[in-house]
Amino acid sequence: MIESTLEWDVRIPEKKIEEKYWLNLKKRVIESGLCSHCSTCSLICPVDGIISEDREIDFPDWEERCVDCSVCVRVCPRWDYNPLSDIGDYIELVAGKSRRFRGQDGAMVTEFMASALEMGLIDRTLFVGRDEEWRTEVYHIRSVEQLFDIKLTGTKYSFANVLPEIKRAMRTSEKGIGIVGTPCMVSGIRKLQKEFSIFRKKIRLVCGLFCTENFYHHQLYAFLKEKGVDFSKLIKTDITRGKFIATMTDSEISFPVKELNSIVPHGCEVCIDFTAVESDFSVGSVGSDPGYSTVVVRTEVAKDVLEYIKQNGHVDFGKVIIEVVEKLSNLKKKRTKNIPEEYRKHMKE
Amino acid sequence: MIKIKVRKPDMVENIKLHLDALLTGVKEAVKPGTITIEYPRERRWLPDSFRGYILFTPENCISCFQCSFVCPANAILMKKSENNRYYPSIDYAKCIFCHFCVDSCPGSALRQTKIHDVVYIDLDEMFCPTENMINPPEIVREDEYTVEYLMDLDIILKRVKERDDLIPEVKPVEIIKEYSSCYEPDSCLACGICVSSCPNEAISITSLDGEKRLKIDADRCTGCGICVKECPVQILKLVKG
Amino acid sequence: MSEREGEREMLLDVPVEPPVEMFLPIPRRFLEDAYRNDDYIVLVGPQHPGSGHMRIILRIKGDIIVEAIPDPGYVHRSMEKLAENRLYIQNIPLMERPAIMDTGNVTLGYVRAIEQALGIEVPERAKYIRTVLAELSRIGTHLYDAGILAVFLGHTTGFMWPFALREPVIEAMTRISGTRITSSFIIPGGIRRDVPWETLEFVRRVTYVLERRLKGFEKIFIKNPSVIARLKDVGVLSKQEAIKFGVVGPFLRASGVEYDVRRVEPYEAYDSLNWDVPVADEGDSYSRFLVRVEEIFQSLSIIRQAINELRSIPEGNVISPDVLDGYEEASSDIRGYFYRVFGNLVLPYGEYTSLTEASRGTLLYSIISDGESNVPYRVRVVTPGWYYLKGFMESLRGERLADLQAIYGSFGYFPPEADR
Amino acid sequence: MEAVYELLKAVSKEHFMENMVSIPLIQPVIDNLLNIPLVGYVVALILWKPMFALLIFPGLLTLMTVLLFIIWFERKLTARIQWRRGPLEILRWAGGIIQALADGLRYFFQEVIVHRDAHKPYFIQLPILIFIPVLLPLLFIPAGSIVGIKTPYALPVVVAIVSLIPVFIVAIGWASNSRFAYVGTIREAFMYFAYEIPFILSVVAMILVYGTADMTAIVEKQTIPGIILNPVAALVFFISTIMATSRLPFEIPEADQEIAFGPFVEYSGIMFGLVMTIAYEKMYILALLMSVLFLGGGNGFPIPLLGDLAPVIWMFLKTMAVMVALAFLRSIYARFRLDQALRLSWTTMLKISAVAVLIGAALNIAQVA
């Protein structure tokens, strides 16, 4: 029998502006250009008012519908922004290439999640797929077989609505959920887990991706179109060695990644976390040989999964060149100058 | 296994079969086994469990919406009444008389009657608002006899000169006390949706300094389960008590 | 066909253009071929002068049917799709709709698939009452089909009597379930409420009444020479053909195949009762009818036995405690707990199939659940009417046009059931 | 001058009174009425035996009564056999007996639709013209001494006229220009050929039995009813009657479940009322014929008080008995298939009717000897 109570207290944060909490969030995070579009607020909003689409986070009819409950503020990772950077603490650093799955590089994200599913650590994980125009779509993965779908793997450089889908996954998941996300999404989840116990119980495995920046789909689409990318033939997008490479069935278009600066969202400009420091493990292609992925295992949970993978021999291991990761991490750290003064004091010296 | 064998009847058999058929006809013409009932003047006796027109007692209703949720035909609409409670109203144009709603009602607020012959002028008329469900509909009763089918080797029509009571006494459901309670207060959003959804004002929210206090009044709670359904993080549960 | 041997074929050289502006769901070449060979294309239906809506496209040489092509679907109501947006429990009244006179069997099939998914064992008393209800529906359906057959043959008494004989059956259903036909009485885990002893005694008496009145019916309709003349040796399906075309139920048994789901995979209380499977060898319309008549008598016997068995089972406890899940108060009457118990019914992930011997034959339900939503992911219903439609069409081949009605009636084809 | 005198004599009251129906029970009333100038003439005319036969029995008045009665009775009897109640609501205390009248009235005020493809003149005229062969036989059928036209050839004439009716029905079907009507018409034609020969043969058998074709003489000769003299002929006649009036089990031309009332499918309103009654009128005539040929016509116990009306009543009762028997069959039988009916009449019926003729011939020889 679960202990239940008839009377309980909930701590609520203090308002910066004497208005509804949503307006506080809108003024201080979204309009000030801090919002990273991680959608944690959209996930938690009890009236499902906050919408996260291919534009800025918004709550169109907040004046009528907002119940002023403060949760959006409580979960927002940029409300009291605590910028993190570098590689962070880790237990193990490996480079791997999955024998089972095919992906952008080593398909290690897929491999880790598949192994976690097999271990029974989680019974559901959220992956991002794409349609013909490379719009992102969130898929609920419940079995390893589903992961063989090629549309689920590969990098999509536009925002995905992963977090709002957690709400649906929560209702039906029994063992736990595994999530893959960018560093800002990982931060959002961690803050969510700190505030609400059910998320602590349900979200078991969080995978962070190495990330420099992410784009709004419509902007990226228009940009690439202008560059001559034919989306019907596009099979892979990648950023390596300062170049954006769009591989199509018959040709390849590449250009310096700096050209994309014009469409980088504001939220990414203030982000200095390259390796998703708060995640259970982070994965990226940087720092290992082509065809391999670098995996930074940070927590015991992820370590268990890695042990499982090693036991079953699903992965060929390779060499990690940590300097390359550090170099890129430091490169991203240069954005510190964009962070407003008041948050810089949080930063560790 | 039974084997059925049929031969084509020959001449003699054929004549016998013809005569059999004709004699059966004559027998029925002389002494018919009529089972027809002259309906408006007579009425068939119906068992008390007959699924007919549905009556509603607002005092027993706890506004739990269960009748509306379970209706397979989407015929029940919950409407807000003057006392801010939601009461069911039935669209008889859609109702299929499965009485899932009656069987779902935890407080016996809905109950069945034997009324099955109500006439409506048009489709709009068939929508039966709550106030019309409290009292039985006006039906003109021409019947003087009640006919009951008795089965005693043959169908016997027992005609009694009395009017069958169309609104039977229904034994009310034994109500079990349930109330809502929170089993994971750590995850509460303090959004107050449970407070606004409660039809009985059993949940209250009070703002303290930097804190909000939520309280469920177990005595006022009727156990309707709406807050349980509405809670965005699903941390409420009905507890027997 | 032997009658036609002496006939001489004659070619009328009249230029006839096949109708092109009319939509027919058959290949155009078939139509042109028929016109070239001086065959007629006759469209029977969809306003069939009997029951329901269905079109049969007939190719006729003189008076003889050369080929029959069914055009069903006029009363298709997408039951399977509708079932995908309703709660599991709300699908019970929905699944009844295709064949409302057969309510006991169609509900039983659906509910058994759910019970299989949840792994519920139904209480003994409920099993017997469900058997009684299923057999009552079987009698009702067979009588209904007999009435339809009679009206096709122009025998008005043969139409009125079975419908009158259904009345005691329906009265019994009313006393058991509270409504005449769409009872929705069988629910996962048992039945909605216990049936008191007086009602069961009434049902037992009904069986004797039916038996008695059926004797008169036998004389005036079943053994009537004009009926025999219309049905005997008409629409013959041999044993091999019946198996080949996938005919089911009493129509398969009329062709000499002893197959009954109640015997092969017994469910409910059928294996503990003593009954026989009626089988005929001829496979013509008359034996198809007689098999069903014999089944009525078997059903009456089953009901009697089941009620005798019920005498020794104590009243109450008709809903399995597995499904009640904490609301044991409702074990003999679901009133007050229906939604609480069944409202959030979610089946575990997987596919669950149940086979039922409905009145007109094998009824298949296949429920696919995604394991998390409270509505089915997919419900597949294959009704007996759909199974034997091909056999029905094949049996028309080589018969006279005027025999179409007799064969139609002998199959008890019910378009709403087949079209779903 | 002579001719005018003859004519005046023929239409004079005295001429009518010479050959008047005598009813001793109400004779004083009639005598009084006869003395009133104009009324007397009308009464004399009506009671003039040929006119009485035309207007009262077996003529129009009885025909109308029988039609209204038999339709109601058929429905009521069928309902009784089928465990129903039948028509009841119109004139409830009398069991809904005027139901047919009410239906007729409704037909009367209903729109008559003549569809575009029908042959309009024939479509409208034929149901009215068909009354010629339907009503004409009534003049030749005697009820005791009451008869419209007394002739030694009465029986052949009646049979000939009755045989004309299907021709009109075929024409109606043609004029309707509808598929159902065509099929019904073909079926009617097939049936017509099939039943006509056994029918005529059975009548011939009876002519042989009685040695005359004069119906009055036939009735007089029947000290033993014809059905006992030649039961085979009676059977053939009865079955042919069923076929001719298309009653079940030979309701093949009209088969409502198959071809929706066959030749009459396109009619509506009062026109439908007319065509629907044709079968019943034909049934009435054939029932009269049957009662004359086989049941002794107006023979029966004489009732002195009713005088000439006594045979009328006996004959009426016999006719009704035959009609009830025909109506009764409707609830007993299913419909035969056309080929089965044809086979039955061309083989079995033909054989039996031949036997009937032989029996008739034998009886004839025995009588002559």
Side-chain angles (χ1 to χ4, degrees), chain B residues 1-6 8-9 13-15 17-18 20-21 23-25 27-28 33-36 44 46-52 64 66-67 69-73 96-108 112 149-155 171-176 225 238 240, chain C residues 86-87 89-94 157 164 167-168 171 174-175 177-179 182 184 192-193 199 202 205-206 208-209 212-213 216 219-221 223-226 228 232-233 254 258 276-282 284 286-287 290-291 294 298 326-327 329 333-340 342-343:
Chain B
M1 184 173 86
I2 299 180
K3 252 296 190 278
I4 296 168
K5 283 209 165 67
V6 228
K8 215 167 196 159
E13 258 181 297
N14 231 334
I15 291 167
L17 293 177
H18 272 292
D20 267 352
L23 280 177
T24 316
K27 213 165 77 188
E28 289 299 332
T34 308
I35 56 168
T36 314
R44 275 276 280 284
L46 296 168
D48 279 358
S49 62
F50 188 80
R51 308 201 313 229
C64 66
Q66 285 185 22
C67 49
F69 290 145
V70 85
C71 182
I96 57 170
F97 294 97
C98 62
H99 277 214
F100 279 5
C101 49
V102 177
D103 278 5
S104 293
C105 186
S108 304
Q112 73 265 39
Y149 276 12
L150 294 182
M151 298 290 160
D152 191 16
L153 290 175
D154 202 356
I155 307 170
K171 201 171 120 257
V173 177
E174 208 177 296
I175 301 167
I176 48 160
L238 282 180
K240 271 193 201 177
Chain C
R86 280 171 164 73
L87 301 181
I89 195 74
Q90 289 178 336
N91 277 333
I92 291 179
L94 175 75
T157 308
E167 203 53 37
E171 176 77 16
T174 315
R175 294 200 185 186
S177 71
T179 191
T182 52
S184 306
R192 268 163 87 167
R193 61 183 62 82
T199 309
F202 178 84
R205 281 155 177 263
V206 163
Y208 291 108
V209 171
R212 190 189 146 101
R213 289 225 168 180
K219 280 179 186 159
I220 209 162
F221 182 71
K223 295 250 167 90
N224 191 320
S226 62
I228 297 179
K232 192 94 187 76
D233 299 330
E258 192 196 352
D276 289 310
V277 182
V279 174
D281 281 334
E282 284 84 354
D284 57 357
Y286 194 47
S287 52
L290 286 186
V291 163
E294 183 54 40
Q298 291 299 329
Y327 293 106
E329 299 90 337
D333 190 346
I334 197 72
R335 232 156 68 79
Y337 300 93
F338 196 83
Y339 184 75
R340 292 192 218 180
F342 294 112

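Chain naming here is simple, since letters A, B, ... match the order of the sequence lines and numbering starts at 1 in each. On a predicted model such as this, the values are computed, not experimentally measured, just so you know.
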Exercise for review: Return the option, out of B:Pro9, B:Gly107, B:Gly33, B:Gly52, with the maximum number of heavy-atom pairs under 4.5 Å with chain C.
Suggested key: B:Gly33

Review point. What part of C:Ile228 gets closer than 4.5 Å to chain B, counting heavy atoms only: side chain, backbone, both or neither?
Key: side chain

Check your understanding: Does B:Lys27 NZ have over 12 foreign heavy atoms under 6.0 Å away?
Key -> no

**Study point:** Gap separating the CZ atom of B:Phe97 from the OG1 atom of C:Thr179, nearest 0.5 angstrom
**Key:** 9.0 Å

Review point. With the threshold set at 4.0 Å, does a side-chain nitrogen-carboxylate oxygen contact exist between C:Glu171 and B:Arg44?
Key: yes

Practice item. Please report the closest heavy-atom contact between B:Ile96 and C:Pro93, naming both atoms and the distance. Key: CD1-CB, 3.6 Å

**Study point:** Min side-chain heavy-atom separation C:Pro168-B:Ile155 under 4.5 Å
**Key:** yes

Check your understanding: So what's closer than 4.5 Å to chain C heavy atoms on B:Pro47: side chain, backbone, both or neither?
Key -> side chain

Review point. Do C:Lys223 and B:Asp20 meet the salt-bridge criterion of a basic N to acidic O distance under 4.0 Å?
Key: no

Exercise for review: Measure distances from C:Leu87 to the heavy atoms of chain B and classify the residue's part below 4.5 Å as side chain, backbone, both or neither.
Suggested key: side chain

Exercise for review: Name the region of C:Asp233, side chain, backbone, both or neither, that has any atom closer than 4.5 Å to a heavy atom of chain B.
Suggested key: side chain

Exercise for review: Using a strict cut-off of less than 4.0 Å between a Lys/Arg side-chain nitrogen and an Asp/Glu carboxylate oxygen, indicate whether B:Lys3 and C:Glu294 qualify as a salt bridge.
Suggested key: no

Review point. Taking C:Gly343, C:Gly336, C:Ser184 one by one, which has the highest count of heavy-atom pairs under 4.5 Å against chain B?
Key: C:Gly336

**Study point:** Candidates C:Phe338, C:Phe342, C:Tyr337 - the one meeting ring-ring contact (aromatic ring centres under 6.0 Å, His included) with B:Phe100
**Key:** C:Phe338

Review point. Roughly how far, to the nearest 0.5 Å, is CZ of C:Arg212 from CG of B:Asp154?
Key: 4.5 Å

Review point. If you take all heavy atoms of C:Arg192 and B:Arg51, which pair is closest and at what distance?
Key: NH1-NH1, 3.6 Å

Review point. Between C:Arg205 and B:Met151, which heavy-atom pair has the shortest distance, and what is it?
Key: NH1-O, 2.9 Å

Check your understanding: Looking at C:Val277, C:Val279, C:Ile220, C:Asp276, which makes the most heavy-atom pairs under 4.5 Å with chain B?
Key -> C:Val279

Practice item. Give a yes or no on whether the backbone of B:Cys71 and the side-chain of C:Gln90 come within a donor-acceptor separation of less than 3.5 Å. Key: yes

Check your understanding: Does the side chain of C:Val291 reach to within under 4.5 Å of the side chain of B:Ile4, using non-hydrogen atoms?
Key -> yes

Check your understanding: Among B:Ser108, B:Cys64, B:Pro106, who wins on heavy-atom pairs under 4.5 Å with chain C?
Key -> B:Pro106

Review point. For the side chain of C:Arg335 and the backbone of B:Lys171, is there at least one donor-acceptor N/O pair under 3.5 Å apart?
Key: yes

Check your understanding: Hey, does B:Asp103 have a side-chain heavy atom less than 4.5 Å from the side chain of C:Arg193?
Key -> yes

Practice item. Would you mind checking which part of B:Asp152 comes under 4.5 Å of any heavy atom in chain C, side chain (CB onward), backbone (N, CA, C, O), both or neither? Key: both

Review point. By a 4.5 Å heavy-atom criterion (distance strictly below it), what part of C:Arg213 contacts chain B: side chain, backbone, both, or neither?
Key: side chain

Check your understanding: Closest heavy-atom contact between B:Val70 and C:Ile89?
Key -> CG2-CG2, 4.3 Å

Point to revise | Listed partners of C:Arg86 passing side-chain hydrogen bond (donor to acceptor under 3.5 Å, both in side chains), at least two apart | key: none

Review point. Could you state the interatomic distance from CE (B:Met1) to CD (C:Glu258), rounded to the nearest 0.5 Å?
Key: 5.0 Å

Review point. What pairs with C:Tyr286 under ring pair (Phe, Tyr, Trp, His ring centres under 6.0 Å), at least two apart in sequence or on another chain?
Key: none

Point to revise | Side chain, backbone, both or neither of B:Cys67 within contact of chain C (heavy atoms, under 4.5 Å) | key: neither

Exercise for review: Of all the heavy-atom pairs spanning B:Ala21 and C:Asn224, show the shortest one and how long it is.
Suggested key: CB-ND2, 4.1 Å

Point to revise | For C:Pro225 against B:Leu17, the heavy-atom pair lying closest together | key: CG-CB, 3.8 Å

Practice item. Counting only heavy atoms closer than 4.5 Å, note whether B:Glu28 contacts chain C via side chain, backbone, both or neither. Key: side chain

